[in-house]
> 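Okay, here's the structure, questions in a sec.
Ligands are counted one by one from 1 in listed order, and the atoms in each one are counted from 1 as well.
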Amino acid sequence: MTDRPALRVTDVVKSFGSTTVLKGVSLELEPGSIHGLLGQNGAGKSTLVKIMTGVHGAGSFTGVVQVDGSTVQLTRPQDARQLGIGYVPQEIDVVEHLTVTENVLVGDLGSGLRFDRRAADRRCRTLLDQLGMTIAPRTRVSVLSAAQRQLLMIARALALTPKVLILDEPTTSLTDTEAVALGHILRRLAATGLGILYITHRVREVLDLCDGATVLRDGRVVEQLSRSDLTADRIVTAMAGRQVRTCSRAAGIRAAVRHCPSATSASAPRAGRPPGSRTSPSTSTRARSSASPGSWAPAGASCSPASSGPCRAPAP
Ligand SMILES: Nc1ncnc2c1ncn2[C@@H]1O[C@H](COP(=O)(O)OP(=O)(O)O)[C@@H](O)[C@H]1O
Ligand SMILES: [Mg+2]
């Protein structure tokens, strides 16, 4: 733990009615780092993020939220934004009939000040450049792809010059290629000092991208890993709560990391990209070992091409 992480939550407990979904969660995010937050569906990731971003306001949970070392009370999303916490929610939320600039600078539009369209386009252009987007600021959002919309949401968060950027499952609607490109963008942003909390249930993205990770299961932190401890085995076992098998597919399914003897035999299925997938399987944003895991399955399950899709957590 450092003295002044960009963001820290300590001992957060959150209930909905009689159901407690966060049971004493602590986590911290260093400036200039990308930290993965993992867990199966329903583990509590989005709920935790909503506490960090004022969506679930102070008073609706117990525990401490600190920004830059100071304890804060986030009663609404605006409080979090003002403190430099940018948030891109899981659901893409754009206004189709408005332009890119209008969507990105929506905060300025709502301020009541006269909207200088040309200045706004220039500001938007700068933000788009940061994300490697070449589209014109006056493009209607209705013509944008899912990936462009995702980047647009990130541009909107960056428009507030945050110190922390929280991305909830940002690759849900991206292809592998687009997800890798996003990874490069995020590394560049982190290099500027931004702390990035990257929520996902995809293990491989965390291995490729993150400097550390926290794994939630059933509302509790079950693993906190530094960069040197990040392995598919540890993440997947923590997510599932039991020993599971992970299969490498750096050059296809050619080796089993654990409990997967069939994958190493001569008759092991050859690597195949899932239908519709467009990229090579292991393009890392940072140098990694060749054992970039692409799939996993509970111990005892068969190792088949069907399991060679992007590394995902088991269904709850
Ligand atoms: N607004 C809500 N009201 C009631 N239950 C909720 C609400 N939001 C989340 N939950 C429940 O809290 C648990 C954790 O959900 P969530 O934080 O969305 O998990 P994750 O993002 O890890 O998939 C789930 O059981 C979910 O059904
Ligand atoms: Mg979620």
Side-chain angles (χ1 to χ4, degrees), residues 7-29 34-65 74-77 79-80 85-94 146 149-150 153-154 157 164-174 179 182 186 196-207 209-210 212-225 230 232 234-242 244 296 309-316:
L7 180 64
R8 176 190 279 162
V9 293
T10 309
D11 210 13
V12 168
V13 176
K14 168 72 182 169
S15 302
F16 293 107
S18 59
T19 308
T20 302
V21 299
L22 294 176
K23 302 164 183 169
V25 172
S26 299
L27 182 156
E28 65 178 47
L29 174 69
I34 305 179
H35 190 87
L37 176 60
L38 288 131
Q40 295 189 43
N41 283 337
K45 305 180 296 295
S46 293
T47 302
L48 181 62
V49 162
K50 287 175 182 172
I51 284 170
M52 294 167 163
T53 54
V55 176
H56 296 316
S60 74
F61 64 92
T62 63
V64 178
V65 180
L74 308 176
T75 54
R76 53 195 179 142
D79 296 341
I85 300 172
Y87 172 43
V88 179
Q90 195 165 355
E91 308 77 27
I92 289 184
D93 173 23
V94 292
R149 289 166 190 230
Q150 186 69 44
M153 301 248 309
I154 296 174
V164 168
L165 181 63
I166 300 177
L167 303 167
D168 196 351
E169 302 272 5
T171 56
T172 302
S173 51
L174 306 189
L182 177 64
L186 296 180
I196 299 176
L197 186 63
Y198 188 93
I199 292 92
T200 186
H201 61 279
R202 297 179 181 181
V203 177
R204 182 147 49 90
E205 290 177 6
V206 171
L207 294 174
L209 191 61
C210 293
T214 297
V215 182
L216 284 184
R217 192 175 70 244
D218 191 25
R220 295 183 203 280
V221 173
V222 289
E223 193 70 286
Q224 284 195 311
L225 300 166
L230 277 181
R234 285 188 69 168
I235 293 173
V236 170
T237 300
M239 284 170 73
R242 64 189 190 284
V244 292
W296 70 273
C311 202
R312 288 162 201 247

> Quick one: closest heavy-atom pair of Ser15 and Thr20, and the distance?
OG-OG1, 3.0 Å

> Can you tell me the angle formed at the Mg ion (ligand 2) by OG of Ser46 and OE1 of Gln90, to 10°?
90°

> For ligand 1, list the protein residues that place a heavy atom within a distance below 4.0 Å of one of its atoms, sorted by chain and number.
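Residues within 4.0 Å of ligand 1: Phe16, Val21, Gln40, Asn41, Gly42, Ala43, Gly44, Lys45, Ser46, Thr47.
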
> Not counting sequence neighbours, which residues clear salt bridge (Lys or Arg N to Asp or Glu O under 4.0 Å) with Arg149? List them please.
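In terms of salt bridge (Lys or Arg N to Asp or Glu O under 4.0 Å), with neighbours along the sequence ignored, Arg149 is linked to Glu96.
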
> Are any side-chain N or O atoms of Lys23 and backbone N or O atoms of Asp218, one a donor and one an acceptor, separated by less than 3.5 Å?
yes

> Which pair of non-hydrogen atoms, one from Leu29 and one from His35, has the smallest distance, and what is that distance?
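Minimum heavy-atom separation between Leu29 and His35: CD1-CB, 3.6 Å.
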
> Any donor-acceptor pair under 3.5 Å linking the side chain of Lys45 with the backbone of Gln40?
yes

> Hey, which of Leu27, Asp168, Leu165 is the one that makes side-chain contact (heavy atoms from CB on, under 4.5 Å) with Leu197?
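Among the candidates, only Leu27 passes.
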
> Within 2.8 Å of the Mg ion (ligand 2), is there any N, O or S atom belonging to Asn41?
no

> Is there a donor-acceptor contact under 3.5 Å from the side chain of Gln90 to the main chain of Ile199?
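Judged by distance alone, no pair lies under 3.5 Å.
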
